[in-house]
Structure formats: structure tokens, C-alpha cells
Amino acid sequence: MDLVPKDQQHPSTLPASVAPSTMEGYAGMTERVAGAQSQEELARTSTGASASATANVSRRRHPPASNPGLPYPHQRTQSLNARQPRTQASSVIRHARNHTYSESSPNTVTTPLKRTEDGDREPATSPDQSLVTRYLRQFLQGCGTPLCQTPLCASNTAFPYKDANEIAAKAVETASNGTEDLCPRLEARPSQNGAQREIVADSSIDLDIISFKALIDRCKAEKSYNALLARLQAVFSSLSRLSMSFADPTMDPKNPLSLQLSDVQQAYWLLRECPPEAQILIASAAERIMSSVSVRPDLVTPRLMKGILIIFMYPILKEKPWQSSLVANLCQIVWRCSSACQRVFKYYLVTARPSLGNGVASLEETMAWLVWLVHRFINTRVEIIEGYVTRAGLSCSTSNLDESVISALQCLYFFYHVNQEAKLIKYTEFYNESLNGFIDFMDDFKRFRERTFSLCNFPFVLTVATKANILKLESSVLMREKLQFAFFRALFVGVNPPYLLLTIRRDFIIEDALVQLQDKSHEDLKKQLKVKFVNEEGIDEGGVQKEFFQLAMRELIDPKYGMFKTNEESRLCWFAQNPLDDQLSLDEYNMVGRLIGLAIYNGIILDIHFPLALYKKLAMAADAQGDLRKLDELWELDDLWEIDPTLARGLSQLESFEGDVLEAYDRTFQVEFESFGQTFQHDLVSDGANILLTNANRKEFVKEYLKFYFTSSIAKQFNAFSEGFHLVTLGSAIQLFRPEEVEQLICGSPDLDFNALEQITQYEGGFHSKSRIIRWFWETVHAYEEKDKKRLLFFTTGSDRVPIGGLGQLSFTISKNGPDSMRLPTSHTCYNTLMLCAYSSKERLQERLMTAIGNAEGFGLM
């Protein structure tokens, strides 16, 4: 799967080559150092690896030419990936290259010359090859003793070396000093390459759930877990062996699809009853494997991807000490591995539904775990970076994010698109609050427009409130630019209206709006909107345009216009199916689209009720390469259930009907519908009038009917609507929104939480939260029914809709408007301000307030 476009990807500072790694096992390492080609999937010659690594270190000294605007790697917070500083990395690579086995003679060790005290050069002492071999085995796989205490043994959980090039150099160096650092428990293990290959190939060393349970039971009975620890050490020290474990007994273990994920989860669940050393041992071994594999994830094969998934499911990853390296490396691998490996990973997330049991998670729970795990890692890193940026006196910017966060975001991108197809968890589970708090909205969107790295490349982690703020800031900047342009044009060319001014008669709202908006260009529509009602005083600072939108949309959706039909059961509107619509009717649909686009651009929330299907179609139409025919294949009965439950119920019953469909339904692939008293026929397929509906083709009938309902029957109307909508919004930050989020942006939140509104309310003119009149006001408001609360909102803000994020995001003020009197409350809807007199009693307040909100339209509004 393609992730973020190459020109928008963050430059990687990871080495482009991989040195010998623990996943190849000791035999592969020995062959590589000896100059021979390994037969393992990821093997490379030591000369090639060293040369490639050296070339990569050289390349990292300069920023990538294709992304000149991206931050240099050395300007960023140090990544969590296991990398040496540049100078140290270079010396390690040179050291490893100088201490390689000769290709011409595998038994000869080539060593660098050293200087004598007189300055002459003489060969350094060459270590014995068999001793180097034993050290390599000790560094790569250890002695097999759980929690070994030998400092330079891989079985020791504190073993310091992870990079394979470093291990190669260290083996030669240590062998030059003799046998003093050899692990005493290493002697009993086979030392020849052939014996090592037999161990790697021995299937008995792999794990399966039956033998694993038996082993744990035996350890419990013997009251010693050494056998379990040794087995775990042997399996988790090699990615190849780990990938052969927990395979379906009916399949070849080498098959990439043979992993039984439920067995893996059950095994981890059984480990809870074992000593904690077992979990620490697995984590330590897995960390060593991942630090090597993450250097060249492009070399991971689909079969080895099973081992990656086994580690990803390890519950101990939720502990912070193991997050910094393991999760970072896992994300790096999932992001950079081949598309074939990603397809294997996707198979286990979507298709391989496990048999539930003790410790076994459903596919939904598995996806939720993976997403939570990556979010937890991102939160930890952002907290560290934010602290560093604050101490350094810098501003929080996307450029401050290090590469481990970038890898985690790319991994989330993969999970998000898998979830888009499978619909395992809610899209809101991908929101990341830490990143939403960290982001500088305008800086990030500017970077997005410049096609450099930006969080806007990953809009699924941004909340709808954050996206709305980005859209609002973008609109403000564009409006200011249009105003400045009009000012300078007036100085040198001629007067150019600085605003989009609409002069409206209340009795002819639709006609006046249609005439004045019809010929406006994209540039004109980007100006700040001002509305003037004829013969009415008042300057539009936001309140008048709110009322205009409410009145205009109410009329346009009214059945008397015949443009939209409201379903009595769902209370949602949909386009009227009218094949006879003329150009004037289509112009009205275009105007509706423009009005909704203008409302979004000017931050107005509308009281309209369209189904999610409309916003799906708009999102597809906004894509320059979008093909609405692709969307036709995605329509489901669930989409129809939302709009027309009765029709959806009928089609659902047709699909599940157990009798003879032909006899019971007696119909063809032709449908009838009415429009303005006329009846029309439409063939769902070619020659549909002559194709009988049967049990065999009923699913095709339902599919074609959905296409007809959502596309072909309303094609002209929707195209006109979409053209008007995108004339205003195309190219704006609206592209960051999902269809569900566009619906929230237009219609607002359904949550009328007046407790949140009370918490954020400001008071002026002598009022405060403890004032008697204020206490009476909130007691009265909290007792209102929902319809009266909406009327109060409309009276004070010009809209009865709740902004994105809830009423707690609203700016709301209550101001004193004089002493006690019989005057009605008034409001400044432009500023969301309610003006109250200091009424002498609660009863008078209740009566005056109810009278005001019940007569709010065109009354007391400024």
C-alpha cells in the first residue's frame, strides 16, 4: 500500500544497508564475515553491507535535494532508533570493515597494520578464527542460560551491543584478547556451522500452543522455570525461528498465512502465571532483533512478517520502559516493509478471525490494541519533545517532531486505511490529543501547502475541532488578503468592492440571493460576507448573516420548492427525483451548494438535515481524480437505512426471503417513481423491463437499485449542487475532513450541554457568577426543554446549532442592561452577548426572557 507521497515524506536518516543481524542466526553471520553468500532471506556479503553503510553515512551529511525545506536530521530531537552518533557510527563501520575475513581465504583474518614505537608499520596480531566464531555465537545468540551473568553474553539482559556491524568488530577485538571474556556455559554448545544449521532447522525448537502449555505445566510441577526460559530465549533470539512458531498444524510453517494469532495471544495470557523474568527475557530478545531488522525493513520477507506481528502483540509493550525502542522499531518496519509484507499484516488484522478463548482478542480488540499502543508511544515522545522545546525557548512546530514520531504516524496511516476497509473501530480512535495540543495550526497548514512534512498529511490524527480551527484561520487570512487587494486596487485602478455584499428583501430571500450569487466568481466568493436586509438598521458583524442563512436554508428545503424531499420517518432531506428539472431548477441547486459553501467559509452553522451519503458524494467529487462511479460500488443498505428506513427494510427482506422470489414478487429490473404527479419508469440494467427478478439475481437487483437511488436518479441535481459547493470550498482545508466531520462542520454538534456553557460564560457591567440575577438565569435555563434551549441559543447567537466541540467552545457573555424594568432582554448576536436588566424577581426574569426568545426572528438582533 502506498503511504504518504514520496515528496511529502520526512527524510529518513536510517542507514540504507543492513549489517549481519541476529535474525539470520549465528551461521549466517559467520558466512557473511567469511565473505560467503548466505541462503537466508536477508543475507548480504559483509563487503557489500559495509560499503553500503559507509555510502549511506556519507549521504546523511547533506539534506535530501528533493526536500530542501525539511529540517536536517541533526537539527531534530535524537530519534529513538538505535543509531550511533555520526562520528562514532563512521568509526564503527570503518572498524568493522577493517576487521573482516578474507574472501580469498575464509580461514585467514585480515587485520589492520599497527605502528611500532619507531613509527614502522607491522601487522597486528591476528586472532584465531575459531575463537572469533565462538565470540560471534556468544554475542548473537548467547549461551542459552536464562538471565546469564556474563557481561558479554547475549543471554544477559544487559548485553550492550545491538548493531550487527558493531558486534562483528567487537568479536574480532575481543578474540584478540584471548578467551577471558568467553561465557563458561558456551562450551557445551555446538560450535560448527553445520550443527548450528541443524539447530535453526530443527522444528522442535519452534513454539506451538500445545507444547507451550505442557512446558509451563511441567515447570510448575518441577517448581523451576529454567526450561521455559531457555526455550523462550532460543525462539525469541531469531526472527526466522519466531516466524515458524504458532503455525497452523495443517499448513506449512513457512507459509506467510500459517500463523494462528489466537494461539499467540493465548500463550501471552499463560505467561502471566510465570515469573516476571520470562516476560523480561522476551522483551530483551525482541528488542535486539528489532533494532537490527529496523535498519533494513525493506529486506523483511512476508514469512518473517509473522514474527513482527507476534512481537507487536506482546502485552508488555504497554509498559513505558519497552516503548522507546521496541515500538519505534516496529513502526519503522511496518512503514518501510514491502507491500507484500503489508498485505500479510493486513490479512491478520482483517481476515484471520481468531477463535476466542482465554486471552484471545477479537479483530476489533486487536486493532484497538495496535492503535492504542502507537498512540501511547507518540504521546510519550511528544511530551519529551515539548519539554525540550519549552526549555529551549522555541515554539512548538511540526519540524520539532523526531523521526520516531514520523514512523509512528506512518504506521498509524497503514492501520487507518486497513480500518477504513474493515471498519473494525471508530475513526475517532485515531485522533491523537497530544499532537492536537502540540500543533501550530497556521504553520502546519502552510507547510502542507508547500508540500513539506505536515501533520495535515495525517488528517486522521487531527480532531474535527482542530481541523475547524485550521479552516477558520485559513479563511481569515484569505479574507484579509482580499480586503488588502481591494484597498490597493482602489488607490491605483478603481473601486473594487472589498466585501461580498448581499442586499436581501425578507419577502424575496431566495430570489434576491439567486440573482446576486449567480454571476459571482470564485475570487468574489472568497471575500468576507456582509448581509443587509432592506429597510432594516444594523451593521452586519456576523449576526445578520447568521439569520440570513437560517431563513434561506429553511425556505430552500421547504417542500413547496420541490427541490428536496423530507422522509417522515428519518426526518432527513434528499434530492427530489425529477427528470424534467430545467436549467432554472439546476441553478437553484447550484445556489444551495454555494450557500452551504459560504456558510462553511464564514463559520456559520446551519440547521439542515442531510444524510451522510451526501457528504460522501461531496468528498469523492472534491478529489481531482475522484470517480463517482467508484462510489457506486460502495453503497450499502446501511446508507439507505439512514435516509429511507421503509425502503431499506423492503430491500433487506428481499435479500433474506426464503421462498420463491419470482413467484412472490413478480417484478422485473424496472422501477417506477413519481415526480410532481407524473409516473416515470427506469431500467436498472440494460433491457431491465424484460429481466425477471429471481432468487439468483436479487442481490444484483439490490445493488443496482442503490446505484439508482444514490446516483443516476439525482445525477443532474447533485452535479449542480456539487459545482456550487466546490466553487467556494475547493482547494481549502475542507479536504482534511472526513464526510462525518463535514457534517459536523455544517450542522454543528448535537450536544446541548448548558452546564459547559455556564462554566465558560463571561460577565460584564457589574454582573458576576454569584449575582442573584445570574443564579436565577441559570436555574431558569437548566429547567428549559430542549426546544426552548435552542430558541435561547438562536436569540443570543443567531443560530440554534452547537459549535464543533460543544457549547464549551462558544464565546458567551451576559452583560447588565440597566436596573429593574419591564424591558425585554436583547442580544448582540455578532458577539454572542445577552443583555439583561437587573430584574427584581425570578418570575419577572422568566416571563421577560421567554417572551424575548419566543419572538426572536428579526427582533432585538444587532
Side-chain angles (χ1 to χ4, degrees), residues 508-511 513-515 517-518 549-597 599 606-621 628-629 631-632 635 637 639-651 670-684 688 702 704-727 739 742-743 746-747:
F508 302 94
I509 290 178
I510 302 303
E511 292 83 351
L514 178 61
V515 170
L517 288 176
Q518 190 170 15
F549 278 110
Q550 293 288 349
L551 297 176
M553 295 309 301
R554 185 187 305 169
E555 285 202 35
L556 286 169
I557 297 176
D558 194 296
K560 71 180 182 181
Y561 276 92
M563 297 175 65
F564 299 93
K565 296 176 65 176
T566 300
N567 185 277
E568 295 298 328
E569 191 172 355
S570 67
R571 306 304 303 166
L572 295 178
C573 298
W574 191 242
F575 297 90
Q577 299 170 341
N578 185 8
L580 303 180
D581 271 341
D582 56 15
Q583 187 57 47
L584 180 59
S585 298
L586 297 180
D587 288 343
E588 291 176 340
Y589 281 111
N590 184 280
M591 189 189 72
V592 175
R594 292 191 188 199
L595 284 176
I596 294 177
L606 301 177
D607 184 17
I608 56 176
H609 305 279
F610 288 117
L612 182 60
L614 173 64
Y615 304 107
K616 289 182 180 179
K617 289 173 71 71
L618 287 173
M620 181 65 74
L628 289 177
R629 289 174 297 181
L631 190 59
D632 288 343
W635 294 123
L637 276 177
D639 297 301
L640 188 59
W641 273 106
E642 183 187 14
I643 309 173
D644 193 335
T646 301
L647 179 57
R649 191 177 301 111
L651 292 177
Q670 185 180 78
V671 295
E672 293 184 353
F673 61 96
E674 291 187 359
S675 179
F676 292 97
Q678 297 187 54
T679 301
F680 299 89
Q681 290 81 32
H682 176 80
D683 286 350
L684 297 180
V702 172
E704 294 299 330
Y705 194 98
L706 292 174
K707 289 183 183 180
F708 165 73
Y709 187 92
F710 287 109
T711 304
S712 58
S713 66
I714 60 164
K716 293 190 300 181
Q717 294 86 346
F718 172 77
N719 290 339
F721 177 92
S722 176
E723 181 184 351
F725 179 82
H726 289 114
L727 184 63
V742 174
E743 183 178 17
I746 295 173
C747 303

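Hydrogens, waters and symmetry mates play no part in the numbers below; they use all other heavy atoms, side chains included.
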Participant: Say whether, by atom type as modelled, one donor and one acceptor occur between the side chain of K716 and the main chain of P579 under 3.5 angstrom.
Facilitator: yes
Participant: Find the distance between CG (L637) and CG (L706) and round it off to the nearest 0.5 Å.
Facilitator: 5.5 Å
Participant: Measuring from atom CG of L556 to atom CG of L595, what distance do you get when rounded to the nearest 0.5 angstrom?
Facilitator: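 Between atom CG of L556 and atom CG of L595 there are 6.5 Å.
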Participant: Report yes or no: does Q717 contribute a side-chain atom to a donor-acceptor pair with the main-chain N or O of N578 at less than 3.5 Å?
Facilitator: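 Yes, Q717 side chain to N578 backbone: donor-acceptor pair under 3.5 Å.
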Participant: Can you confirm whether or not the ring centre of Y589 sits under 6.0 Å from the ring centre of F564?
Facilitator: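 Centroid distance Y589-F564: below 6.0 Å, so yes.
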Participant: Is it the case that the side chain of Q577 and the backbone of F673 share a donor-acceptor pair, with hydrogens and angles ignored and the cut-off at 3.5 Å?
Facilitator: no
Participant: Verify whether one side chain among Q583 and D587 offers a donor that lies under 3.5 Å from an acceptor in the other.
Facilitator: yes
Participant: Where does the angle between the aromatic ring planes of F575 and F610 fall among parallel (under 30°), tilted (30 to 60°) and perpendicular (over 60°)?
Facilitator: parallel
Participant: Rounded to the nearest 0.5 Å, how far apart are CE of M553 and CD1 of I608?
Facilitator: 4.5 Å
Participant: Between Y705 and F708, what is the ring plane arrangement, given parallel below 30°, perpendicular above 60°, and tilted in between?
Facilitator: perpendicular
Participant: What I want to check is whether the side chains of N719 and S722 have a donor and an acceptor closer together than 3.5 Å.
Facilitator: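 No, no side-chain donor-acceptor pair sits under 3.5 Å.
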Participant: Any chance you could measure D644, atom CG, to Y709, atom OH, to the nearest 0.5 Å?
Facilitator: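 With rounding to 0.5 Å, CG (D644) is 4.5 Å from OH (Y709).
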Participant: Determine whether a donor-acceptor pair (N or O, by modelled atom type, separation under 3.5 Å) exists between the side chain of H609 and the backbone of C747.
Facilitator: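 No, H609 side chain to C747 backbone: no donor-acceptor pair under 3.5 Å.
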Participant: Taking atom NZ as the centre, does K565 end up with more than 12 heavy-atom neighbours from other residues, nucleotides or ligands that are less than 6.0 angstrom away?
Facilitator: no
Participant: Is K617 reaching over with its side chain to a backbone N or O of F710, donor-acceptor style, under 3.5 angstrom?
Facilitator: yes
